[in-house]
Amino acid sequence: MAEAKWYVVHTYSGYENKVKLDLEKTIANNKELAEKILEIEVPTESVMEVRDGKKKVVDRKMCPGYVIVHMELTDRTWYFVRNTRGVTGFVGPGSKPVPLSEEELINLKIGKPQYQPGSQEKAPKKDYGIKVGDLIAVVDGTWKDTEGKALKIDDSKQTVTINVEMFGRETPLEVPLDNVRRMG
């Protein structure tokens with residue numbers, strides 16, 4: 001059995017979510033494909049937009065026109081994904097898909113490159129010195145220079161949910177633990 005890796009699939013612009021949904025529907029009805037195609041992602045990030053003078057947090061696609069698929073590459077899985085409506089091909093030379101590197105997976109914030117998905121081994125825990133109730137400062141990313149109180153820490157997703165004041169009221173915001181520091 002070959003090892004499952006993450007591959008980039010090129011789609012028509014605006015069809016990313018449709019391609020993801022179509023792949024998931026077909027996989028749900030096909031046990032053989034479900035064992036070989038493990039996850040399908042459309043990487044997004046939360047950004048602040050100003051429309052009509054109002055600030056609004058929206059999810060924006062990090063890679064418009066692309067879907068990331070975690071699968072075991074076989075002739076059958078390649079053919080199935082490649083012939084899904086809206087897909088124009090895999091990223092790689094000719095028709096040969098090239099898997100994403102561990103660094104690329106980290107940059108896209110997808111997958112769990114530290115350990116093999118499906119194994120009994122857990123992701124290694126990193127101590128960030130943050131507890132629920134601590135005052136947190138965001139030091140990197142979209143929410144840089146934002147401060148708030150830690151409401152929840154999710155070790156599996158490596159995120160902290162903080163309460164920030166937005167539009168005159170308290171709003172929960174999920175931020176990667178690598179992008180925050182404890183104040184005081």
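The basis for the numbers below is simple: all heavy atoms, side chains too, and nothing from hydrogens, waters or symmetry mates.
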Measuring only between side-chain heavy atoms, which start at C-beta, is L105 closer than 4.5 Å to E103? no

In terms of hydrophobic clusters joined by side-chain contacts under 4.5 Å, are V42 and V9 together? yes

Any side-chain heavy atom of W78 within less than 4.5 Å of one from L73? yes

Ring pair (Phe, Tyr, Trp, His ring centres under 6.0 Å) against Y15, all qualifying residues, sequence neighbours excluded: Y12

Do D154 and V160 have side chains that approach each other closer than 4.5 Å (heavy atoms only, starting at C-beta)? no

Side chains of W6 and E104: does their closest heavy-atom pair fall under 4.5 Å? no

Using only atom types and a distance under 3.5 Å, with no angle test, would you say the side chain of T11 pairs donor to acceptor with the backbone of V87? no

Hydrophobic cluster (4.5 angstrom, side-chain heavy atoms) - remaining members for L151: none

Spell out, yes or no, whether I37 and I68 are grouped together once hydrophobic residues are joined by side-chain heavy atoms under 4.5 Å, including indirect joins. no

Suppose we screen for salt bridge (charged side-chain N to carboxylate O under 4.0 Å, His left out). Which residues come up paired with E32, at least two apart in sequence or across chains? R76

So, using side chain to side chain donor-acceptor pair (under 3.5 Å) as the criterion, who are the partners of E24 when residues are at least two apart? none

Kindly indicate whether the side chain of V91, heavy atoms from C-beta on, has any atom under 4.5 Å from the side chain of P97. no

Identify the two heavy atoms, one from A4 and one from L38, that lie closest to each other, and give their separation to 0.1 Å. CB-CD1, 3.6 Å

To the nearest 0.5 Å, what is the distance between NZ (K149) and CG (L135)? 9.5 Å

Under the rule for ring pair (Phe, Tyr, Trp, His ring centres under 6.0 Å), what residues qualify as partners of Y7, not counting sequence neighbours? none

Pairs involving residues 57-68, ordered by first then second residue, that meet salt bridge (charged side-chain N to carboxylate O under 4.0 Å, His left out) (sequence neighbours left out): E16-K61, E49-R60

My understanding is that only residues two or more places apart in sequence, or in another chain, count here; which of them pass salt bridge (charged side-chain N to carboxylate O under 4.0 Å, His left out) with K18? D22

Set of residues satisfying salt bridge (charged side-chain N to carboxylate O under 4.0 Å, His left out) with respect to K5, sequence neighbours excluded: none

Would you give the length of the straight line joining atom CG of L177 to atom CD1 of I136, rounded to the nearest 0.5 angstrom? 8.5 Å

Excluding sequence neighbours, so at least two apart, what forms side-chain contact (heavy atoms from CB on, under 4.5 Å) with A137? E147, R181, M183

Measure the spacing between SG of C63 and CD of E41 and express it to the nearest 0.5 Å. 11.5 Å

Report the residues that fulfil side chain to side chain donor-acceptor pair (under 3.5 Å) with T26, sequence neighbours left out, ordered by chain and then residue number. none

Verify same cluster id: V57, V138 (apolar side-chain graph, 4.5 Å): yes

Looking at every heavy atom in both I162 and A150, which two are closest together, and how far apart are they? CG2-CA, 4.1 Å

Test: salt bridge (charged side-chain N to carboxylate O under 4.0 Å, His left out). Region: residues 134-145. Which pairs qualify, not counting sequence neighbours? D134-R182

Do K36 and M71 pass the side chain to side chain contact (heavy atoms under 4.5 Å, CB included) test, and can you show the C-alpha distance, the side-chain angles, and the key distance before you say yes or no? CA-CA 5 Å; K36 296 187 184 297; M71 67 181 209; 5.8 Å; no

As a quick check of understanding, evaluate side chain to side chain contact (heavy atoms under 4.5 Å, CB included) for V81 and L23, giving each step before the final call. CA-CA 7 Å; V81 172; L23 287 170; 4.2 Å; yes

Step by step, work out the side chain to side chain contact (heavy atoms under 4.5 Å, CB included) result for H10 and Y66. CA-CA 5 Å; H10 190 263; Y66 295 94; 3.2 Å; yes

Mind checking salt bridge (charged side-chain N to carboxylate O under 4.0 Å, His left out) for R85 and listing every partner two or more places apart, or none if nothing turns up? none

Decide yes or no for V19 and N17: does some side-chain heavy atom of the first lie under 4.5 Å from some side-chain heavy atom of the second? no

What verdict does the side chain to side chain contact (heavy atoms under 4.5 Å, CB included) test give for F80 and I27, after you've listed the backbone C-alpha separation in whole Å, the side-chain angles of each residue and the deciding distance to 0.1 Å? CA-CA 10 Å; F80 166 70; I27 290 167; 4.0 Å; yes

Would you kindly confirm whether Y79 and V67 end up in one hydrophobic cluster when ILVMFWY residues are joined by side chain heavy atoms under 4.5 Å apart? yes

Which pair of non-hydrogen atoms, one from I153 and one from I130, has the smallest distance, and what is that distance? CD1-O, 3.2 Å

